[in-house]
Amino acid sequence: MQIPVAEGVFTWPDAEPRLIGSRCASCGIVTFPAQASCPRCAAAEMVEHLLARRGRLWAWTTQAFSPPSPPYAGPTGDAFVPFGVGYVDLGDVKVETRLTVADPDALHTGMEMELVVTPVRTDDDGNEVVSFAFRPVA
Ligand SMILES: [Zn+2]
């Protein structure tokens with residue numbers, strides 16, 4: 001069984017998953033992750049807003065060593081696999097995300113990226129824990 005790493009982050013199960021953000025009913029700013037109140041105008045009415053599945057790579061780097069856990073929930077020690085991290089500009093918001101690619105030669109600012117849901121680990125009950133990432137559009 002596949003279970004999401006956290007509830008309310010992306011639509012799942014879904015053949016075309018979307019990230020779940022929020023939009024301020026007052027000023028229109030979009031946030032991800034979803035927030036209960038607006039970071040810009042402090043209005044308390046935020047509505048669910050599904051984000052675009054594709055965007056442009058805005059900034060990125062590669063994670064060559066195991067980050068602090070939590071929030072990191074993937075393999076550590078000898079099992080650690082380097083991965084890319086970055087921001088993808090989805091038009092109305094920039095999303096901080098893991099990238100499926102860790103090779104600097106395969107990444108460049110402005111390239112088109114799309115959302116994927118990928119396994120990050122197996123939990124103690126044998127469930128495959130999945131999280132979101134962005135990959136280059138072929
Ligand atoms: Zn607002």
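Both counts, for ligands and for their atoms, begin at 1 and track the order of listing.
- Within 6.0 Å of CD on E112 lie more than 12 heavy atoms contributed by other residues, nucleotides or ligands.
- Within the protein, the number of N, O or S atoms lying under 2.8 Å from the Zn ion (ligand 1) is 4.
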Show me the donor-acceptor pairs, under 3.5 Å and distance only, between side chains in residues 130-138 and residues at least two apart or in other chains.
residue, atom, partner, partner atom, Å
R135, NE, E114, OE2, 2.9
R135, NH2, E114, OE2, 3.0

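- No donor-acceptor pair closer than 3.5 Å links the side chain of D125 to the backbone N or O of N127.
- For Y87, the OH atom counts as loosely surrounded, since its 6.0 Å shell holds 12 or fewer non-hydrogen atoms of other residues, nucleotides or ligands.
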Show me the donor-acceptor pairs, under 3.5 Å and distance only, between side chains in residues 7-26 and residues at least two apart or in other chains.
residue, atom, partner, partner atom, Å
T11, OG1, D14, OD2, 2.9
T11, OG1, R18, N, 2.8
D14, OD1, E16, N, 2.9
R18, NE, L51, O, 2.6
R18, NH2, L50, O, 3.4
S22, OG, T31, OG1, 2.6
S22, OG, Q35, N, 3.0
R23, NH1, H49, ND1, 3.0

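- Residues satisfying the side chain to side chain contact (heavy atoms under 4.5 Å, CB included) criterion with T76, sequence neighbours excluded, are S66, Y72.
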